[in-house]
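What you see is a predicted model; the values in this text were computed from it and never measured. Numbers restart at 1 for each chain; the letters A, B, ... are given by sequence-line order, proteins then strands. Just so you know, these numbers use all the heavy atoms, side chains as well, and skip hydrogens, waters and symmetry mates.
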Amino acid sequence: MATISLTFPDGNKRDYDAGITAAAVAESISKSLSKKAISATVNGAHWDLQWPIDADADIAIHTMADEAQANELVRHDLAHIMARAVQEIWPDTKVTIGPVIDNGWYYDFDRKEPFTPEDLGVIEKKMKEIINKREPVTTEVWDRDRAIQHYTDNGEPYKVELIESIPGDEPLRMYWHGDWQDLCRGPHLQHTGQVPADAFKLMNVAGAYWRGDSDRPMLQRIYGVAFTGKEKLKAHLNFLEEAEKRDHRRLGREMGLFHFEEVAPGSVFWHPPGWRLFQTLIGYMRRRQETAGYVEVNSPDIMDRALWETSGHWFNYMDNMFLAKTHDDRDYALKPMNCPGHMMIYNHSLRSYRELPMKIAEFGKVHRYEPSGALHGLLRVRSFTQDDAHIYCTPEQLTEECLKVNDLILSIYKDFGFENVHVKLSTRPENRIGSDESWDLSEGALKTALDRAGMDYTIFEGEGAFYGPKLEYVLRDAIGRDWQCGTLQVDYNLPERFGSTYVTQSGEKAAPVMLHRALFGSLERFTGILIENFAGRLPFWLAPRQVVVASITSEADDYVYEVVDMLKAAGVQAEADIRNEKINYKVREHSLAKVPVILAVGHREVEERTVSVRRLGEKQTSVQSLDSFLETAIADATAPDLR
RNA sequence: GCUGCUGUAGCUCAGAGGUAGAGCACUCCCUUGGUAAGGGAGAGGUCGAGAGUUCAAUUCUCUCCAGCAGCACCA
């Protein structure tokens, strides 16, 4: 028998018979390692302990201490254990797929009866029983016909379909957890007892299309979370609780920012404080854009069908547009995008190369008939305001302009405290307009700009818009969640469709290239993200209510108004609270409403012309002179770009 | 849009085949209180909408609307 040489992480080499399993390698090292071992990494591949090793290789044996591998195995085995539990309880259930995902796994089932929340407890109990049996996990490679026959005989059509979609030259691997069998590429643990029985939880049931295709049957998906230990599960559940507390829909209500109504699903009713925040964001962006050489315009909300036909939206997105037929029998559409309107403005005069790059910005409100199931608070709405702009430039200016947008976007996110930004680059989709040459140029410009800016980015093949490739800026919030906000798209097509030109230096007409970009993206969405990121405790300059001046006795009422007026005159958002309530009551109420500063004033403050300052989240109060508080409040209220 | 769940006062929720209840919020009164709920009284609901079953429906059935979780979608 041939001998192979395995190299361990510490550099040691040992010789074994070819075909030795990783389990046997572990056993050759020590009895305790062989017990604790969960899997191996062989030449970079995650390796089941039962798999044979046929040639020289680098090898590392994993135990539960190896978090990454342990999580993957535990979650993957739990997917199988859950499927087994479900089939034991409801034998008529058909199994499909059950992959590992962030923090856990899911498994999709086909069963007539819906799973109820109570069923989850029953399944969990059964799973724990299976784990406690400590049954071995075993594996075999089968040939395709045998596997298909097996699943046909067992009435598992989804598995048959899966096998048929696996390339013919790939071996099919079967796994057994006890006597329950599943097609699986592995790797898995040694036995079910290696799964920590107290570190998983079934979370919820939901529908999911077979193979992610909305034309295929809807299955029932059960989600679970799992970790290598109880404490980690607890930490994760705490995180979910924390995220729940930050829900902008709840905070928006508690802070009196906005609400929704059945009469306008997916459209926001902004209340005064919420609208103030919204306008603060627009004011900030307006200044940043003006400094960056943009000009602001406004284009109509309702425009004739002909325009949308020219732009391509009518045929590509009609189902998602709000349409309006008028009494003169014309078809109009509410604008789902600002670009066609901006095309009309660009085309209105003869343009010179001297005017380029021309940057047209609009805080345009667009309407999109989003599928009802997609709506979600401020994060996914049917009418929203974009900080939209279109940059018309020459092909030579393209990369430079992309770079400028990239710089601007990062600088702006930084002002809001978002320093961790990732970029997604989406390339040409199957359903697209325009020549391959123009797509080459567009994608090239974006890549070059990203490379020159030294940005990290991930490529998403085929995910671009129908008219051009796009960058999407994803920022990470205070508790590690990712939010997609800004976008930058290169477009050779729209200028062509609209016949846009400019006169070159040599007096000829040429087509401009166009950039679509939005930095906040949707103002509504960005507001929601800010609320969640700050858990409602917005920085002073953004806070929709900045200062409440609360009287301790009614004898201070006049002074309260004096302070409020003084703050307001200085541009600070101040309110009086002279209600017939105790100061405790007022402090509690305004604290819950996340007002950043409460000024309490009683006899002492009136006499000394001071204020007692209580900042949100601090128990400690400090007495300051009116003038010194005014000074700090003005400084705090100043937007970062004006400091 | 699809699957499942939910819809009772401004908010959070209880309730039952015989036309409704709590706490908070709201209004008024007492209280002038020093940093997260002082006390009392009062007002407030076509029980999401429509149809059906029934002597009787807010409660049961169906349809629709909206919300929630996920899937699909996201120009």
Side-chain angles (χ1 to χ4, degrees), chain A residues 106 108 113-117 203-223 247 249-250 253-254 256 259-266 308 311-321 335-340 366 368-377 379-382 386 429 431-433 463-468 470 472 484 487 489 491 494 516 521-522 525 550-557 578 580-593 598-605 612-623:
Chain A
Y106 66 76
D108 288 346
E113 300 297 312
F115 292 112
T116 66
M203 301 301 284
N204 56 337
V205 194
Y209 297 110
W210 169 233
R211 311 210 106 182
D213 183 343
S214 55
D215 294 329
R216 313 284 314 258
M218 169 120 340
L219 308 170
Q220 297 190 67
R221 175 172 298 177
I222 301 179
Y223 285 90
D247 191 317
R249 293 167 297 186
R250 188 170 104 177
R253 187 175 57 237
E254 288 171 2
H259 84 277
F260 290 89
E261 294 272 354
E262 286 194 14
V263 291
W308 305 112
S311 69
H313 290 96
W314 192 266
F315 300 107
N316 281 292
Y317 288 101
M318 188 167 63
D319 288 348
N320 297 305
M321 287 165 75
K335 66 176 172 188
M337 291 191 85
N338 299 299
C339 24
V366 296
R368 299 178 181 178
Y369 186 75
E370 302 286 2
S372 57
L375 302 179
H376 184 93
L379 302 180
R380 191 81 182 272
V381 287
R382 282 186 176 153
Q386 288 181 316
N431 181 18
R432 62 175 182 267
I433 56 176
E463 300 284 317
F466 72 89
Y467 51 74
K470 63 182 178 187
E472 271 155 345
Q484 191 170 303
T487 180
Q489 305 169 12
D491 187 355
L494 222 46
H516 306 246
S522 146
R525 180 176 159 81
S551 57
I552 293 168
T553 103
S554 56
E555 284 165 44
D557 288 358
I578 57 161
N580 177 15
E581 298 290 352
K582 294 201 171 181
I583 193 64
N584 288 311
Y585 183 92
K586 297 182 183 181
V587 165
R588 176 181 150 84
E589 186 177 289
H590 301 306
S591 298
L592 287 174
I598 300 168
L599 300 182
V601 299
H603 291 295
R604 286 205 293 276
E605 288 76 12
S612 169
V613 184
R614 182 187 169 114
R615 290 183 187 277
L616 187 59
E618 294 174 16
K619 284 245 156 58
Q620 204 73 24
T621 61
S622 72
V623 177

Any A:Tyr317 side-chain nitrogen or oxygen under 4.0 Å from OP1 or OP2 of B:C74: no
Phosphate-side-chain proximity, A:His376 and B:A69, N/O vs OP1/OP2 below 4.0 Å: yes
Contact list (N/O, under 3.5 angstrom) for nucleotides 1-7 of chain B vs protein:
unit_1	atom_1	unit_2	atom_2	d
B:G1	OP2	A:Ser372	OG	2.7
B:G1	N7	A:Gly373	N	3.1
B:G1	N2	A:Tyr209	OH	2.4
B:C2	O4'	A:Tyr209	OH	3.3
B:U3	O2	A:Gly207	N	3.3

Involving RNA chain B, stems made of at least three consecutive Watson-Crick or G-U pairs, both distances under 3.5 Å: B:1-7 with B:65-71, B:10-13 with B:21-24, B:26-30 with B:38-42, B:48-52 with B:60-64
Criterion salt bridge (charged side-chain N to carboxylate O under 4.0 Å, His left out) on A:Asp213 and A:Arg211, from CA distance to verdict: CA-CA 5 Å; A:Asp213 183 343; A:Arg211 311 210 106 182; over 6 Å; no
Minimum-distance nucleotide (side-chain atoms of A:Arg249 versus B:A75, B:A36, B:A69): B:A69
Of the listed nucleotides B:G38, B:A75, B:A36, the one nearest the side chain of A:Lys582: B:G38
A:Asn338: partners by side chain to side chain donor-acceptor pair (under 3.5 Å), with sequence neighbours left out: A:Lys335, A:Gln386, A:Asp388
If you restrict it to nitrogen or oxygen atoms, what contacts under 3.5 Å exist between nucleotides 25-30 of chain B and the protein, and what is each distance?
unit_1	atom_1	unit_2	atom_2	d
B:A25	OP1	A:Tyr585	OH	2.9
B:C30	N4	A:Asn580	ND2	3.3

Along RNA chain B (nearest heavy atom to each residue), the more 5'-positioned of A:Glu261 and A:Tyr223: A:Glu261
Residue list, side chain to side chain donor-acceptor pair (under 3.5 Å) with A:Tyr317, at least two apart or on another chain: none
A:Arg380: partners by side chain to side chain donor-acceptor pair (under 3.5 Å), with sequence neighbours left out: A:Glu370
